[in-house]
A.B. asks: 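Just dropping this structure here.
Protein chains get the first letters and strands the later ones, always in sequence-line order, with residue 1 at the start of each.
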Amino acid sequence: MMKRGVIAKSLLLWILSMVALPLFAGEKEQAVELLAAAQKAEKRAATVDGVWRDVGKYIANAEKALEAGDYKKSMELAQIAKEQSELGFQQMVSQQELKIPSYYK
Amino acid sequence: MPILNKMITTLSGVMLATALTAVEATTPEEDREQFVRYNTERFPNVPAEEFVNGAYAIDPIGRENWEAIEEFPPYEPFIEDGEAMWNTPFANGKGYSDCFPKGPAIAADYPRWDREKGMVVTLPLAVNQCRQAHGEKPLKYKKGSINNILSYIAYESRGEVTRVEIPADDPRALAAYEAGKKFYFTRRGQLNFSCANCHLQNSGNQVRSEILSPPLGHTTHWPVYRAKWGTVGTLHRRFSGCNENIRAKALKAQGEQYRNLEYFLTYLNNGQVLNGPGARK
């Protein structure tokens, strides 16, 4: 009985190491990639002066979370920064031509 | 359903087209006349000379508080410190008066188009150019002692009239003015606001507890002692604060964008009397 228990535990550990650890490793890679994408999007928005106020903070906090191993949090923050940067870029590009609003007559 | 979608799309397009009027080429002087007309029609009860007092020209309660504050102006120590700066020679024995031989009453000469440099030169920039030309460190553009020297210059310039020039023979000057105009009407930040959204479309309305002042007179009273800051600050510090309020990343003080914005906005205020330094909430 004792031997069976040890074998079962070892088997469980082996399964965990084969399945779960690579999953975590994948999460880290994803977080690194997403952060890099967010940084790239911020730089692109900056080329048209379209960076939104909090993007820098989101990226800095995503970096901190990544260093702390909190990949989920890092990805959440990087995703916000990426989306806001893309919107900031689009916002500026959509107004390349000066338009005077109708309320100003 | 596809027909309905198409109708909605078409309608949205028409609405957008009517909301935004395609820009017609206007001269700076036509822009200024339109700006003054817009302000005077929006605030018909405000006497022309009162616009330089900002929200206190339209808010009687705020005015009472402001007049009480002006009895012992919070910017006074900054003027005194600025006068001392003006009169203290640099390490090389020269001083501000060597750069500005007319004396300290020079605020109305700025911003100005610098033909040689091909850029708008504001007063804070000119102050730092003077310092650097004489081996002194430049001052920071938002906070700190730059506000002392600017307060003194503003005080000595009281009563002068805003008179920004856009030299007709240098198209780069007009381009800088137009860039400032474009900045003013461009929506930015997470709130998707332009300068014009607050200061033209909603001037006189409230944002939280504050009344948005008429834009005519916006450039006459800098630097300003703001209760919120607890000190005197520059116009470009205010530009930065405005941009951050609409959740845009503030641009660099004395960078090209803000200098051009100042050039545009100050030109629109041509004819307005200088009354700096000011005190505001």
A.B. asks: Can you tell me which portion of B:Ala250 sits under 4.5 Å from chain A's heavy atoms? Options are side chain, backbone, both or neither.
C.D. replies: neither

A.B. asks: Checking B:Gln257 against chain A: side chain, backbone, both or neither under 4.5 Å from a heavy atom?
C.D. replies: side chain

A.B. asks: Which residue, A:Lys82, A:Gln84, A:Gln90, forms the side chain to side chain donor-acceptor pair (under 3.5 Å) with A:Glu86?
C.D. replies: A:Lys82

A.B. asks: Which region of B:Asp31, side chain (C-beta onward) or backbone (N, CA, C, O), has a non-hydrogen atom less than 4.5 Å from a non-hydrogen atom of chain A, or is it both or neither?
C.D. replies: backbone

A.B. asks: Locate the shortest heavy-atom distance separating A:Lys28 from A:Leu66; write the atom from each residue and the value.
C.D. replies: O-CD1, 4.4 Å

A.B. asks: Taking every heavy-atom pair that is under 4.5 Å apart, which of B:Asn197, B:Ile246, B:Leu191 has the most such pairs with chain A?
C.D. replies: B:Asn197

A.B. asks: Name the region of B:Tyr184, side chain, backbone, both or neither, that has any atom closer than 4.5 Å to a heavy atom of chain A.
C.D. replies: neither

A.B. asks: Any carboxylate oxygen within less than 4.0 angstrom of a Lys/Arg side-chain nitrogen, looking at B:Glu210 and B:Lys281?
C.D. replies: yes

A.B. asks: What part of B:Asn243 is in contact with chain A, defined as an atom under 4.5 angstrom from a non-hydrogen atom: side chain, backbone, both or neither?
C.D. replies: neither

A.B. asks: With a 4.0 Å cut-off, would you call B:Arg115 and B:Asp169 a salt bridge?
C.D. replies: yes

A.B. asks: Is the closest basic N to carboxylate O distance between B:Arg37 and B:Glu33 below 4.0 Å?
C.D. replies: no

